[in-house]
Asks: 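Below is the structure I would like to discuss, written out as structure tokens.
Residue numbering restarts at 1 for every chain, and letters A, B, ... go by the order of the sequence lines.
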There are 4 protein chains.
Amino acid sequence: MPHTTDGDGGEPRRQRADARLNIDALVEAAKAVFAESGVDAPVRSIAERAGVGVGTLYRHFPLRSDLISAVFRREMDACVAAATDLEAAYPPGEALDRWVMRYTQFVATKRGLAGALHSGDPAYEPLAEYFSTRLAPTLERLLDAATESGEISQRVVAGEFLGAVANLCHDGGPTPSRSGGRAERMVRLLLAGLRSEDVG
Amino acid sequence: MPHTTDGDGGEPRRQRADARLNIDALVEAAKAVFAESGVDAPVRSIAERAGVGVGTLYRHFPLRSDLISAVFRREMDACVAAATDLEAAYPPGEALDRWVMRYTQFVATKRGLAGALHSGDPAYEPLAEYFSTRLAPTLERLLDAATESGEISQRVVAGEFLGAVANLCHDGGPTPSRSGGRAERMVRLLLAGLRSEDVG
Amino acid sequence: MPHTTDGDGGEPRRQRADARLNIDALVEAAKAVFAESGVDAPVRSIAERAGVGVGTLYRHFPLRSDLISAVFRREMDACVAAATDLEAAYPPGEALDRWVMRYTQFVATKRGLAGALHSGDPAYEPLAEYFSTRLAPTLERLLDAATESGEISQRVVAGEFLGAVANLCHDGGPTPSRSGGRAERMVRLLLAGLRSEDVG
Amino acid sequence: MPHTTDGDGGEPRRQRADARLNIDALVEAAKAVFAESGVDAPVRSIAERAGVGVGTLYRHFPLRSDLISAVFRREMDACVAAATDLEAAYPPGEALDRWVMRYTQFVATKRGLAGALHSGDPAYEPLAEYFSTRLAPTLERLLDAATESGEISQRVVAGEFLGAVANLCHDGGPTPSRSGGRAERMVRLLLAGLRSEDVG
DNA sequence: CATGAATGAGCTTTCATTCAT
DNA sequence: TATGAATGAAAGCTCATTCAT
């Protein structure tokens with residue numbers, strides 16, 4: 001239900017000069033639809049949910065990946081920012097754990113995110129790029145610190161680890177997290193594995 | 001067209017033999033196509049590869065999941081069977097590790113398997129069921145033994161763990177495993193996590 | 001109204017094992033639609049007119065050019081065949097004239113033919129090819145004969161001449177030939193030009 | 001915003017000057033775009049090239065034909081004007097030839113002009129009208145003179161002849177005139193035909 | 001007057017699924 | 001029992017055109 005600033009209760013049909021409102025409505029709709037049906041959901045369904053025509057969607061987000069980026073970017077940024085706080089507040093090992101769980105919570109609500117990341121579809125390149133340039137370096141920093149402080153002994157490639165966590169969040173189905181914390185439990189296992197002396 | 005009836009020992013029931021041949025061809029074709037294009041590959045491509053009409057495919061496998069099940073059942077059975085050998089040949093902890101890696105190798109070649117398992121699409125229920133009734137108990141047994149022998153300290157729900165491993169194998173894209181062993185590395189981390197004293 | 005061989009007056013809805021009937025209906029429909037709206041007419045309109053689904057059209061004619069070819073090929077062949085008769089029955093010059101007028105009549109009813117031929121759209125390549133390999137050599141033979149007999153003095157490239165005639169038939173509009181013989185008159189002028197001693 | 005009224009001599013009516021500038025830019029842009037992509041080119045591409053909004057385009061040229069007319073009118077006028085000079089400088093027959101070639105050169109650079117002229121689309125009526133009222137009478141005069149002087153023997157309807165020449169210039173495709181002079185050659189043939197004693 | 005955001009019809013193409021033969 | 005032709009519902013994407021600002 002976009003355009004709430006209409007002021008009167010009449011037909012909320014006509015356009016707002018401020019495309020911003022529509023853009024916001026689209027991003028919001030996309031977020032919801034992605035959560036419900038994954039990132040491959042029909043473009044039309046997003047436009048409908050936002051209460052705009054498909055043309056409008058295409059105007060603002062010519063590529064599907066543009067919309068995906070718009071949906072995820074802000075949350076990713078918040079995730080990245082959170083790392084700094086955690087680093088300041090906790091010892092390296094705990095900061096690492098907490099951040100990974102933070103990241104897990106973010107990614108757990110994004111149905112299809114992992115799929116998109118690994119789809120090979122060039123449309124998702126920008127998203128993968130964002131992962132590599134923003135999230136991966138963040139995790140790397142946390143890993144470095146925890147390694148230096150001797151709290152973890154296994155080294156992993158940051159990008160790989162992020163991908164793994166994203167995969168573990170693949171809950172599938174229209175009722176994500178129905179299995180209550182499955183993903184979290186497995187991620188904790190992964191984190192525990194980092195402390196192990198030798199692997200395989 | 002002799003012997004429309006089944007069980008006589010003479011001419012060994014032509015009709016059914018033909019059907020069997022078609023079924024085998026379909027399963028074989030599906031296996032190849034699934035590996036190439038994932039379990040969502042067009043039905044037609046499977047029928048074509050098998051050299052039969054789509055109608056024939058539908059006759060034998062009315063649901064897509066029927067075909068998927070048929071494709072994976074045999075390999076799953078082999079996987080289950082392997083557990084017995086490993087249990088006999090290795091101490092519980094090592095048997096567990098080896099079996100999980102065995103399972104990993106199986107699942108790694110099944111593009112879209114994990115996705116299907118968690119898709120929520122009722123069409124894949126039977127497949128999930130097979131997982132629960134065959135693979136999960138097997139892993140559970142191995143976990144129990146390793147717990148009893150004190151080699152692992154973390155308990156996990158077998159089905160959850162299997163799902164997690166399947167998810168970790170999600171390489172996506174047309175170039176599965178291009179990242180060379182990513183999945184295996186993460187699975188080993190998960191296994192290492194099982195040995196950890198406390199998690200999270 | 002395809003499927004007239006149904007035999008009874010009932011609902012003529014169900015499919016005929018003989019796709020031939022549908023193919024014929026499609027070609028017939030395409031011919032009509034092309035004549036009315038040109039070769040760029042929506043695929044759907046052709047399918048509708050033929051009384052079949054779009055899928056059926058795509059099955060038989062995956063490329064638009066396939067349909068175009070099907071529509072024009074037979075008539076082109078007939079045109080080519082006519083040349084032999086004319087060569088036998090008339091002196092070279094007259095045979096040439098008569099054949100060109102024959103060709104004119106064929107092409108005059110094909111709205112958009114010339115446009116398609118020169119569109120540069122690779123979809124129409126096969127059609128252009130057919131022109132080059134079937135019609136052009138035919139005209140060339142006629143031109144050669146008329147030149148040898150001294151009846152024409154100007155030489156032209158056969159393909160160019162055919163294209164020119166096709167262009168001249170561009171009557172446009174939903175009422176082709178409303179201008180009653182305009183194209184024919186101009187083609188005759190072109191033929192007369194071939195007799196001229198010097199040009200430009 | 002001073003001087004909303006027109007005709008005062010002071011500040012030379014800002015509003016209208018701006019509008020004039022936009023109109024000119026639009027006509028110029030349309031000319032370029034038509035030449036590149038034909039007269040069916042997307043409206044938006046023209047507006048963009050002119051650096052104005054589509055709304056502005058629609059304000060000044062509500063119908064596509066309005067824009068087409070505006071684009072061609074000036075050149076048509078120049079073409080018409082050229083006739084006078086040629087009539088003065090050359091004998092009737094030669095004047096005719098030269099003018100037709102002049103017209104050919106004009107029309108050859110207008111991709112889609114012929115198509116538009118004969119499209120039957122009422123949107124192009126005004127353009128056709130301009131042809132009839134300006135160009136056709138010009139050619140008619142030249143034809144009359146050449147007939148009178150005995151240089152040509154065939155009579156043709158001027159409008160028909162103009163249309164034929166336009167059609168012959170239909171090169172179509174993204175590489176107009178790649179065939180180097182095809183159109184000119186055919187037009188000369190047409191002119192030669194006018195000299196012929198009898199046709200068909 | 002100018003702008004360009006919004007709309008939505010319309011086109012192509014793909015595929016799951018049915019069913020006449 | 002097998003076949004594959006037929007169907008038609010999607011889905012993506014592109015403009016022409018309107019109209020709030």
Asks: Looking at L21(C), is its backbone amide N or carbonyl O close enough to the side chain of D24(C) to form a donor-acceptor pair, meaning the two atoms are under 3.5 Å apart?
Replies: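 No.
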Asks: Between P on dC13(F) and OH on Y58(A), what's the gap in Å once rounded to a whole number?
Replies: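 Atom OH in Y58(A) sits about 4 Å away from atom P in dC13(F).
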Asks: For dC1(E) versus dT21(F), give the span between their P atoms, rounded off to a whole number of Å.
Replies: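 It works out to 22 Å between them.
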Asks: Whole-Å distance between dA11(F) C1' and L63(A) CG?
Replies: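 Rounded to whole Å, this separation is 16 Å.
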Asks: Are N22(D) and dA2(E) close enough that a side-chain N or O sits under 4.0 Å from OP1 or OP2?
Replies: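 So the side-chain polar atoms of N22(D) do come within 4.0 Å of the phosphate oxygens OP1 or OP2 of dA2(E), strictly under.
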Asks: Mapping G53(B) and A41(A) to their closest nucleotides on DNA chain F, which lands nearer the 5' end?
Replies: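 First, find each residue's nearest nucleotide; the 5'-ward one identifies G53(B).
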Asks: Could you check whether V54(D) gets within reach of a base, just the sugar-phosphate, or nothing at all, counting any heavy atom under 4.0 Å?
Replies: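 Contact class for V54(D): base.
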Asks: Quick check: on DNA chain E, is the nucleotide nearest P62(C) upstream (toward 5') of the one nearest R59(D), or the reverse? Name the residue that is more 5'.
Replies: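 Nearest nucleotide further toward 5': that of R59(D).
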Asks: Check the distance between dT12(E)'s C1' and E48(C)'s CD and give it to me in whole angstrom.
Replies: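 About 14 Å, once rounded to whole Å.
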Asks: Side-chain N or O of H60(B) versus OP1/OP2 of dT1(F): is the shortest distance under 4.0 Å?
Replies: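 No, H60(B) has no side-chain N/O under 4.0 Å of OP1/OP2 on dT1(F).
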Asks: Are side-chain heavy atoms of R59(B) and N22(B) found at a separation under 4.5 Å?
Replies: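 A side-chain contact is absent here, since even the closest heavy-atom pair is not under 4.5 Å.
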Asks: D40(C) has an atom CG; how far is it from atom P of dC15(F), in whole Å?
Replies: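 Going from D40(C) (CG) to dC15(F) (P), I get 14 Å.
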Asks: For L26(D) and dG4(E), give me the distance from atom CG to atom P, rounded to whole Å.
Replies: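 To the nearest whole Å, that distance equals 13 Å.
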Asks: In plain terms, say whether K31(A) and E36(A) are close enough for a salt bridge, that is, a side-chain N and a carboxylate O under 4.0 Å apart.
Replies: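 No.
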Asks: Within this structure, what is the CD1-to-C1' distance between I23(D) and dA2(E), rounded to whole angstrom?
Replies: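 In whole Å, dA2(E) C1' and I23(D) CD1 are 13 Å from each other.
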Asks: Look through every strand shown and name the nucleotide pairing with dC15(F) as Watson-Crick or G-U wobble, where both distances are under 3.5 Å.
Replies: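 dC15(F) is paired with dG8(E).
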Asks: Using atom CD1 of I46(A) as one end and atom P of dA6(E) as the other, report the distance to the nearest whole Å.
Replies: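 One finds 16 Å between P of dA6(E) and CD1 of I46(A), rounded.
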Asks: Report the nucleotide, chosen from dT18(F), dT14(E), dA6(F), that has the shortest atom-to-atom distance to any side-chain atom of T56(C).
Replies: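 From the listed options, dA6(F) comes nearest.
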Asks: How many whole angstroms separate atom CZ of R44(A) from atom C1' of dT14(F)?
Replies: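 Going from R44(A) (CZ) to dT14(F) (C1'), I get 12 Å.
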Asks: On DNA chain E, compare the nucleotides closest to L57(D) and L57(A); which residue's is nearer the 5' end?
Replies: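 That would be L57(D).
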Asks: Under 3.5 Å, side chain of S69(B) to main-chain N/O of S65(B), donor-acceptor pair present?
Replies: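 Yes, the answer is positive, given that a donor and an acceptor are paired below the 3.5 Å cut-off.
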Asks: Within the pair R64(A) and dG12(F), is there a side-chain N or O less than 4.0 Å away from OP1 or OP2?
Replies: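 For R64(A), the contact criterion (side-chain N or O under 4.0 Å from OP1 or OP2 of dG12(F)) is met.
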Asks: Does the side chain of R49(B) reach to within under 4.5 Å of the side chain of L26(B), using non-hydrogen atoms?
Replies: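 Sidechains of L26(B) and R49(B): no contact.
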